[in-house]
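Just so it is clear, the structure is predicted and the values come from calculations on it, not from any experiment. Naming convention: chains lettered A, B, ... in sequence-line order (proteins, then strands); numbering from 1 in each chain.
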Number of protein chains: 2
Amino acid sequence: MTEEARRSPERAKRLPRAVREKQILDAAVQVFSRHGYHSASMDEVSEVAGVSKPMIYSYLGAKEDLFIHCIRREANRLLAAVEAGIKPDLAPDMQLWHGLRSFYAFVAEYRESWTVLHRQAMSVGGPFADEVNAMRERAIELVAALVVSAGARRGLAEQAESSGEGMAAALVGAAESLADWWLDHSDVPDGVLASWLMNLVWLGFNDLVEGAVWKPAE
Amino acid sequence: MTEEARRSPERAKRLPRAVREKQILDAAVQVFSRHGYHSASMDEVSEVAGVSKPMIYSYLGAKEDLFIHCIRREANRLLAAVEAGIKPDLAPDMQLWHGLRSFYAFVAEYRESWTVLHRQAMSVGGPFADEVNAMRERAIELVAALVVSAGARRGLAEQAESSGEGMAAALVGAAESLADWWLDHSDVPDGVLASWLMNLVWLGFNDLVEGAVWKPAE
DNA sequence: CCGTTAGGTTACTTGCGAGTAGGCACCCCG
DNA sequence: CGGGGTGCCTACTCGCAAGTAACCTAACGG
């Protein structure tokens, strides 16, 4: 009996397709992030989206398609956020610093996006993992380019290139895993994570135990 | 009609329970590592194990129990391997070095164990992730102790402790992710991975671009 | 004011896979 | 030579969730 909800119990209002698609994707990300691909049910997605199941099939296709859509959208968001944070004319360490800050800011704000990308998509083989790996490769390249250019600047191009990709992978992995660790230790503020990593990968333990500390240039 | 396989088409030979349990666990690790928890079917496990489904239920319980058994066995194997590689009376960097080598050696030899632990168990919430996290915590503590003790040795106990766990998490994460990356770039020999990481976390980019290189003492 | 289409739904079919009931066969021990 | 226990299997039940058929209705153009 309130004023609204007067016709049939609850039939969704008519909305343009683009809006519904967004709602559905949002719901899907949420559900997939909670249960993972296989345990997530289309029924739950439809419920959370506030829309009935056939709409999903009609707009975004089968479960697989839906999941791919999620991954792609979130991966692009994430990379866009990181790239937007980087100022290409700064010194290498400052670039890295800004990239990391953007990354953790993103994870903090879009926790579910991150969960879907990192925890869920990886565990389902096939096309999904490929999709995520493509994103990671882009991230690794970003970092590798940074390493190599920093090395080249001082005449170490060759050596930097040979191990550059591997190190970049390790660094990206460290960042990812720290983000993951963070999900279970949320009391640490997000700026701190980035500086831990900077201290770790820029200075290294050897310098750290000597009392050295990395800080962003003013 | 060869000599064997003479009675009914193919009925498994009678074997003691302990042996069958091992076979089943081996098969389960293999299947879970390929498909992940949810997609793996008990039928496939039973087929790979060369044993029929009810045996699994009777020996190792339901699917969940089976998976837990796998995780626990593999986690213990892994940690045992790493701990066995560490010589506690060496310098911190050498301890780390040996630990990393053991770790990558393990991953190389028991690829499927690693996949189950890292890629699969994490993505299924609840009791499984807890199990794996318990293992990771042990690993992190191992490393954190190393960091802290290295710091304490030079009077930096306080600072090392505050960030020690986070850094250890990052380092463990870097090692894990590099292992993961390795699964898709298997052409790199395993010793190299460990030295990349040593260079990264012990020296840091700042030293590396100056041309510094970390090498194991003699 | 009527047809057509795009937004939306209910209620079904279907297949797959977890888990089980009930029974056969081998071997040891008396 | 029996029993009985332990290893092992065939052949089912049954529930859940993916995907679909068939239908309803608001709105807009002519």
In residues 14-34 of chain A, which ones come under 4.0 Å of DNA chain D, going by heavy atoms?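 Of all residues in residues 14-34 of chain A, the ones placing a heavy atom under 4.0 Å from DNA chain D are A:R14.
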DNA chain D contacts among residues 50-69 of chain A, heavy-atom distance under 4.0 Å: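 Heavy-atom contacts with DNA chain D come from A:K53, A:P54, A:Y57, A:A62, A:K63.
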Counting only heavy atoms not in [X], do more than 12 fall under 6.0 Å of its [atom1]?
X: A:E83; atom1: CD; result: yes
X: B:H38; atom1: NE2; result: yes
X: A:H69; atom1: NE2; result: no

Atom-pair distance (NE2 on B:H35; P on C:dG17), nearest Å: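 In whole Å, C:dG17 P lies 10 Å from B:H35 NE2.
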Quick one: A:D43 CG to C:dA11 C1', roughly how many Å, whole number?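 For the pair A:D43 CG and C:dA11 C1', the rounded distance is 12 Å.
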After noting the C-alpha distance and the side-chain angles of A:H35 and A:Q120, does the key distance pass the side chain to side chain donor-acceptor pair (under 3.5 Å) rule? CA-CA 8 Å; A:H35 306 304; A:Q120 309 305 346; over 6 Å; no
Step by step, work out the side chain to side chain donor-acceptor pair (under 3.5 Å) result for A:S177 and B:R136. CA-CA 11 Å; A:S177 298; B:R136 173 184 279 121; 5.7 Å; no
Is it true that B:E74 and B:R77 have a side-chain N and a carboxylate O under 4.0 angstrom from each other?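 Answer for the salt bridge query: yes.
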Pair A:F103, A:W114 - check ring-ring contact (aromatic ring centres under 6.0 Å, His included), show working. CA-CA 10 Å; A:F103 172 64; A:W114 171 249; 5.3 Å; yes
Could you walk me through whether A:W97 and A:W202 pass the ring-ring contact (aromatic ring centres under 6.0 Å, His included) test, one step at a time? CA-CA 10 Å; A:W97 165 249; A:W202 206 263; over 10 Å; no
